[in-house]
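Predicted, not measured: the structure shown is a model, and the values here were computed from it. Values reported hereafter were calculated over all heavy atoms of this structure, with side chains retained and with hydrogens, waters and symmetry mates removed. Every chain is numbered from 1 and lettered A, B, ... according to where its sequence line falls, protein lines coming before strand lines.
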Amino acid sequence: MQFESMAEFFAMGGHGLYVWLAYGATCAALVGSALAVRIGAKRQIQQLKLAAFHQTRCSSESQT
Amino acid sequence: MFLREFWHKLGSPKWFYQISTGWMIGFAVAALVLLVVGMVWGLAFAPADYQQGNSFRIIYVHVPTAMVAQSVYISMGVAGIVLFVWRMKLADVAIAACLPVGMMLTALALFSGGVWGRPTWGTWWEWDGRTVSTLVLLFLFIGIYALREAIPDITLRGRASALVAIVGTINIPIIKYSVDWWHTLHQPGSFSLTEKPTMPVEMWAPLLVMVLGMYCFAGYIILARMRIEILLREQRTQWARELVA
């Protein structure tokens, strides 16, 4: 550990603003894009289910 | 023989969808572990630079995002060649999947570069060779994205974006050699495959972890986006229906 205390760690020797801005933006963007692809995949599967459901209903109706 | 079989199988979206499930999960887990370890190591345990002090720690997010952004662009160029020569549909899917993550990583590299430049050089932005060529990289990603949005025909869209992606790869060696060609502000590269690192091991080890983690992260996002796009394109097929049944 390079720092004596928590306060010193956050201060980053006076460069805290810059260091935390860079890390904060990077973390936010990485987490955001991971969430975006997870939501996108869920939505796409949901849509596929809906389409499959409509198709089976239509084909069963035409059979009767 | 094996390669040839693999190449043919890449023509099947169904096969790719099935095989990529494991890869995607593997990349995601590896990315999470490597990035968390790398960030904690870089922030708290790596020694401070004797000249730059603690602002040097920005290197651990700046260099990985910049490196992987360029690699994502190169992958897109390769996908462009594959699309042009072999007309492989999966290559078009790959180009589409590379764009958002490439754009994001380039923007992050520029942002962390500016934030690092402020305490180090006394300026947020400088028209320096490397920053400008990286800005061009961002515009290439945005330009190809906009081009794809503007062309409704799927074949034409693929070919046009592949062509721009291939031509744009000329910018990659420009970014690489910019620090040698124009001795302005940006410091020379930190990593090289052929030379020994100039940093002590305590400094470059966490950087290596971060670079590997960022590659895994990009791999995860690209595969996940490719799979979403495949499901969208294949929604009328039997296998896609059976997948959700």
Side-chain angles (χ1 to χ4, degrees), chain A, chain B residues 24 28 31-32 35 39 42-48 52-62 64-65 97 100-101 104-105 107-109 111-120 210 213-214 217-218 220-225 227-232 234-236 240-245:
Chain A
M1 191 78 175
Q2 295 288 321
F3 300 94
E4 300 289 322
S5 68
M6 224 43 196
E8 216 178 276
F9 176 64
F10 287 118
M12 283 282 158
H15 288 144
L17 173 71
Y18 308 110
V19 173
W20 296 114
L21 261 179
Y23 277 78
T26 306
C27 289
L30 296 188
V31 170
S33 55
L35 283 178
V37 294
R38 290 204 63 160
I39 293 168
K42 276 210 183 102
R43 203 171 278 168
Q44 197 54 52
I45 285 170
Q46 206 62 44
Q47 200 189 320
L48 202 58
K49 272 185 185 159
L50 211 66
F53 174 72
H54 279 302
Q55 195 195 34
T56 47
R57 223 179 56 169
C58 289
S59 59
S60 64
E61 270 171 11
S62 60
Q63 274 164 13
T64 49
Chain B
M24 182 184 70
L32 185 68
L35 290 176
M39 278 199 193
L43 274 172
F45 296 97
Q52 298 185 10
N54 285 304
S55 68
F56 151 83
R57 298 182 195 283
I58 294 172
I59 199 173
Y60 300 115
V61 291
H62 177 71
T65 48
V101 68
M104 183 194 82
L105 290 172
L108 279 175
F111 179 79
S112 58
V115 165
W116 194 5
R118 182 65 202 156
T120 316
M210 284 299 290
M214 205 60 82
F217 179 80
Y220 160 58
I221 297 291
I222 290 170
L223 281 179
R225 284 205 184 275
R227 289 161 59 84
I228 295 171
E229 182 72 21
I230 286 171
L231 283 188
L232 177 72
E234 299 281 306
Q235 55 182 331
R236 294 183 193 286
R241 294 281 156 90
E242 279 165 5
L243 196 76
V244 296

Side chain / backbone / both / neither for B:L35 at chain A, heavy atoms under 4.5 Å: side chain

For chain A, the option from B:G53, B:A240, B:P100 that forms the most heavy-atom pairs under 4.5 Å: B:A240

Which atoms of B:F217 approach chain A - backbone, side chain, both or neither, heavy atom under 4.5 Å: side chain

B:A46 versus chain A, the contacting section by heavy-atom distance below 4.5 Å: backbone

Minimum-distance pair of heavy atoms, taken over all atoms of B:L108 and A:A29: CD1-CB, 3.8 Å

Heavy-atom pairs under 4.5 Å with chain A, option from B:P119, B:A107, B:A224, B:A109 with the top count: B:P119

Distance, nearest 0.5 Å, that separates CD1 of A:I45 from CG of B:L243: 6.5 Å

Heavy-atom closest pair, residues B:I58 and A:A22: CG2-CB, 3.8 Å

Structural part of B:A31 lying under 4.5 Å from a heavy atom of chain A: neither

Determine which donor-acceptor pairs between chain A and chain B fall under 3.5 Å and list them with their distances.
unit_1 : atom_1 : unit_2 : atom_2 : d
A:Q2   : N      : B:A44  : O      : 2.9
A:Q2   : NE2    : B:F45  : O      : 3.2
A:Y23  : OH     : B:R57  : O      : 2.6
A:Q55  : OE1    : B:R241 : NH1    : 2.4

